[in-house]
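Everything on this sheet refers to the single structure shown next.
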Protein chains: 2
Amino acid sequence: MYRALADPTRRAILDELQDRSGQTLFELCVRLTGRGFTSTRQAISQHLGVLAEAGLVVIRREGRYMFIDLDTSPLQQIYQRWRVTPCESDT
Amino acid sequence: MYRALADPTRRAILDELQDRSGQTLFELCVRLTGRGFTSTRQAISQHLGVLAEAGLVVIRREGRYMFIDLDTSPLQQIYQRWRVTPCESDT
DNA sequence: ACAATAGGCAAGCATCCGCTTGCCTGTCAA
DNA sequence: TTGACAGGCAAGCGGATGCTTGCCTATTGT
């Protein structure tokens with residue numbers, strides 16, 4: 001999962017999903033290219049594979065669509081591991 | 001900094017520094033090999049370069065020694081970026 | 001029924017990354 | 001002062017990784 005965070009495109013995917021969770025792959029592709037990323041559908045798909053394996057993303061299939069939901073809970077490991085003290089501004 | 005977390009050896013260095021901050025490079029090498037890591041001094045040194053660039057580690061030189069201190073504050077970015085809700089057990 | 005749409009699979013490629021190797025610099029102790 | 005010790009620098013190598021390309025499957029609309 002640490003490796004999953006290492007790639008800028010994958011982080012952008014997480015950003016995009018946080019902005020709107022439950023998007024389909026094609027939506028993601030369109031909106032990411034809108035944000036300046038040039039990745040093809042296959043590239044995004046592979047990234048989603050990595051993110052899903054890391055548990056940061058949940059993939060739900062319906063008919064011919066796949067919907068992708070964000071799950072940030074694995075990130076708690078990071079805080080638990082190194083005891084990060086949340087700063088005041090984090091309410 | 002996300003890339004800095006991607007490597008297991010680097011995470012082990014952070015673990016080791018959390019256990020005892022302010023270690024010297026040689027101490028780190030010894031204690032890491034004790035934990036099953038086979039990395040040479042040069043490898044560790046390069047890892048420290050990456051960690052320092054990410055701001056996760058602060059290097060302080062004194063005479064012929066270098067002391068390495070942990071700084072987990074950059075990790076707060078992660079929580080701020082994806083609004084991770086800390087779980088109850090994290091006091 | 002058939003064409004278009006949404007996505008999957010796998011191989012190939014270029015790059016990056018971690019690691020080793022070999023050698024050099026500077027500091028301290030005897 | 002000289003040798004041992006702590007660390008630095010740089011080149012090279014092999015494996016991992018991100019991406020593309022080409023083709024295939026399945027669902028849906030008309």
Side-chain angles (χ1 to χ4, degrees), chain A residues 1-17 20-71 74, chain B residues 1-17 20-71 74:
Chain A
M1 99 133 212
Y2 296 96
R3 257 207 50 247
L5 290 177
D7 186 81
T9 307
R10 271 183 314 250
R11 291 196 296 274
I13 292 177
L14 296 181
D15 289 338
E16 185 54 51
L17 286 174
R20 167 125 82 91
S21 192
Q23 294 191 50
T24 178
L25 200 160
F26 253 68
E27 282 181 275
L28 267 181
C29 290
V30 172
R31 299 185 68 174
L32 283 174
T33 53
R35 294 199 179 186
F37 288 84
T38 62
S39 319
T40 62
R41 176 182 60 85
Q42 287 80 356
I44 305 286
S45 181
Q46 284 171 348
H47 282 309
L48 286 175
V50 177
L51 289 170
E53 205 170 354
L56 290 167
V57 134
V58 178
I59 295 180
R60 161 177 45 106
R61 278 168 221 278
E62 262 173 57
R64 105 176 106 165
Y65 300 95
M66 69 184 292
F67 296 99
I68 302 140
D69 295 292
L70 182 63
D71 182 9
Chain B
M1 101 132 210
Y2 295 97
R3 257 207 52 247
L5 290 176
D7 186 81
T9 307
R10 252 154 8 218
R11 292 196 295 273
I13 292 178
L14 295 182
D15 288 339
E16 187 54 53
L17 286 175
R20 167 126 81 92
S21 192
Q23 294 192 50
T24 178
L25 198 159
F26 252 68
E27 281 181 275
L28 267 180
C29 290
V30 172
R31 302 186 66 175
L32 282 174
T33 55
R35 294 200 178 186
F37 287 84
T38 62
S39 319
T40 63
R41 177 182 59 83
Q42 287 81 355
I44 305 286
S45 182
Q46 287 170 347
H47 282 310
L48 286 175
V50 178
L51 289 170
E53 206 170 353
L56 289 167
V57 133
V58 178
I59 296 180
R60 160 176 45 106
R61 277 167 222 280
E62 262 173 55
R64 105 175 106 164
Y65 300 96
M66 69 185 291
F67 296 99
I68 302 140
D69 296 293
L70 182 63
D71 181 10

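A note on names: the letters A, B, ... follow the listed sequences, proteins ahead of strands, and every chain is numbered from 1.
Interatomic distance, A:Phe37 CZ to A:Ile13 CD1, rounded to the nearest 0.5 Å: 8.5 Å. A distance of 11.0 Å separates NE2 in A:His47 from CG in A:Leu14, rounded to the nearest 0.5 Å. A distance of 11.0 Å separates CZ of B:Arg3 from CG of A:Asp7, quoted to the nearest 0.5 Å.
Comparing B:Tyr65 and B:Thr38 by the nucleotide of DNA chain C that holds the closest heavy atom to each, the one mapping nearer the 5' end is B:Thr38. With the nearest nucleotide of DNA chain D identified for both A:Ile44 and A:Gly63, A:Ile44 has the one nearer the 5' end.
Looking at heavy atoms from C-beta onward, B:Arg10 lies out of side-chain contact with B:Leu56 at the 4.5 angstrom threshold.
Put simply, CG on B:Asp7 is 11 Å from P on C:dC17, counting in whole angstrom units. Following rounding to the nearest Å, A:Arg61 (CZ) and C:dG8 (P) show an atom-to-atom distance of 5 Å. Protein atom CG of A:Leu51 is 13 Å distant from nucleotide atom C1' of D:dG18, rounded to whole Å. One atom, CZ of B:Phe26, and another, P of C:dG26, lie 18 Å apart when rounded to the nearest Å. Nucleotide C:dC9 holds its C1' atom 16 Å from the CG atom of A:Leu48, rounded to whole Å. Between B:Gln42 atom CD and D:dC13 atom C1' there is a gap of 16 Å when expressed in whole angstrom units. Rounded to an integer number of Å, the gap from A:Glu53 CD to D:dA16 P is 15 Å. Distance A:Leu28 CG to C:dA6 P: 14 Å, rounded to the nearest Å.
The phosphate of C:dC19 has neither OP1 nor OP2 within less than 4.0 Å of any side-chain N or O from B:Thr40. Contact check, A:Ser45 against C:dG8: a side-chain N or O comes under 4.0 Å of OP1 or OP2.
With hydrogens and angles ignored, no donor-acceptor pair under 3.5 angstrom links the side chain of B:Glu62 to the base of C:dT27. Side-chain to base pairing of B:Arg64 with D:dC5: one donor and one acceptor N or O lie within less than 3.5 Å of each other. Evaluation of atom-type donor-acceptor distances gives a pair under 3.5 Å for the side chain of A:Arg41 against the base of C:dG8.
Distances were taken from every side-chain heavy atom of A:Arg3 (C-beta onward) to each of C:dC19, D:dT17, D:dG8; the shortest belongs to D:dT17. Minimum atom distance to the side chain of A:Thr24 is reached by C:dA6, of the listed D:dT21, C:dA6, C:dG18. Listed nucleotides: D:dC9, D:dT20, C:dG8. Nearest to the side chain of A:Gln46: D:dT20. Looking at the side chain of A:His47, the nearest of the listed nucleotides D:dG18, D:dT20, C:dC19 is D:dG18.
A donor-acceptor contact shorter than 3.5 Å is absent between the side chain of A:Ser39 and the backbone of A:Ile44.
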